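See below for the structure under consideration.
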Amino acid sequence: MVGTAAHAAPGGHGGDLHGHRRGRVLGNLLANVRVHTPAEVPVRLGVERVDGVVRLCVADRGPGLAPEDAARVFDRFFRAGGGAGSGLGMAIVQGVVRAHGGEVTVRTAPGEGMEVTVALPVRVEAEG
C-alpha cells in the first residue's frame, strides 16, 4: 500500500477545473504512482492556493526517470522503459490542465523520485 500524507492550505475553492476533470487529473497522477512506484515508498500530496493560483503536487521517492524519458513524459503513448499502462495518463493531465489555463511541471532524476506540480488559475465566481 502506498503511504500518503495530504496538506490543504486554507483559502477557498480549487482552480478552474470542473469536478470530473479535476478527479481525472488527480486520478491519473495517482495511477502513475501506483504503477511505477514500489508499494513501500511514501507519496506526498500537497495543495496550496497562493496569489490566485492553486497548486497540486504529487511527489514520490520512487525510481524517477532518466532525462530522455522525462523529456517525453507528456507525449501520447509514451511509456518510460516500455513500462505498464497506456502511455496516455500524463498526456491527458497536460491536456486538461492546459485547456483550463494552467501548466504542469515535472521534476525527476534516476533514483530521486518524481514530483509533478499542476498549477491552475483560481476561477473567480461572479457575485449577484
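Note that the coordinates shown come from a computational prediction; the quantities given were computed from them, not determined experimentally.
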Query raised in the report: Could you state the interatomic distance from CD (E48) to OG1 (T117), rounded to the nearest 0.5 Å?
Result: 9.0 Å

Report summary line: All heavy atoms of F77 vs all of L88, minimum pair found to be CE2-CD2, 3.7 Å

Requested in this report: Show the numbers, then the answer: is there a side chain to side chain contact (heavy atoms under 4.5 Å, CB included) between L30 and L45?
Outcome: CA-CA 10 Å; L30 294 176; L45 303 176; 3.7 Å; yes

Report task. Kindly determine whether V96 and N28 satisfy side chain to side chain contact (heavy atoms under 4.5 Å, CB included), including the steps that lead there. Result -> CA-CA 11 Å; V96 169; N28 283 355; over 6 Å; no

Query raised in the report: Are side-chain heavy atoms of V122 and R49 found at a separation under 4.5 Å?
Result: yes

Query raised in the report: Hey, does R24 have a side-chain heavy atom less than 4.5 Å from the side chain of I92?
Result: yes

Query raised in the report: Should R61 and E112 count as side-chain neighbours, where that means a heavy-atom distance under 4.5 Å?
Result: yes

Report task. May I have the step-by-step check of side chain to side chain contact (heavy atoms under 4.5 Å, CB included) for H36 and M114, ending in yes or no? Result -> CA-CA 10 Å; H36 302 292; M114 186 160 140; over 6 Å; no

Query raised in the report: Between V97 and V25, is a side chain to side chain contact (heavy atoms under 4.5 Å, CB included) present by the stated rule, with each step listed?
Result: CA-CA 8 Å; V97 170; V25 166; 4.2 Å; yes

**Report entry** Results of side chain to side chain contact (heavy atoms under 4.5 Å, CB included) for R98 - residues two or more places apart only
**Finding:** Q94

Query raised in the report: Sequence neighbours excluded, which residues qualify as side-chain hydrogen bond (donor to acceptor under 3.5 Å, both in side chains) partners of R72?
Result: D75

Query raised in the report: If we only count heavy atoms from C-beta on, is the M90 to N32 side-chain gap below 4.5 Å?
Result: yes

Requested in this report: State, yes or no, whether a side-chain contact exists between L120 and V53 at a heavy-atom distance under 4.5 Å.
Outcome: no

Distance-only donor-acceptor hits, side chain of residues 101-111, under 3.5 Å, sequence neighbours excluded:
residue: T108; atom: OG1; partner: L65; partner atom: N; Å: 2.9
residue: T108; atom: OG1; partner: G113; partner atom: O; Å: 2.8

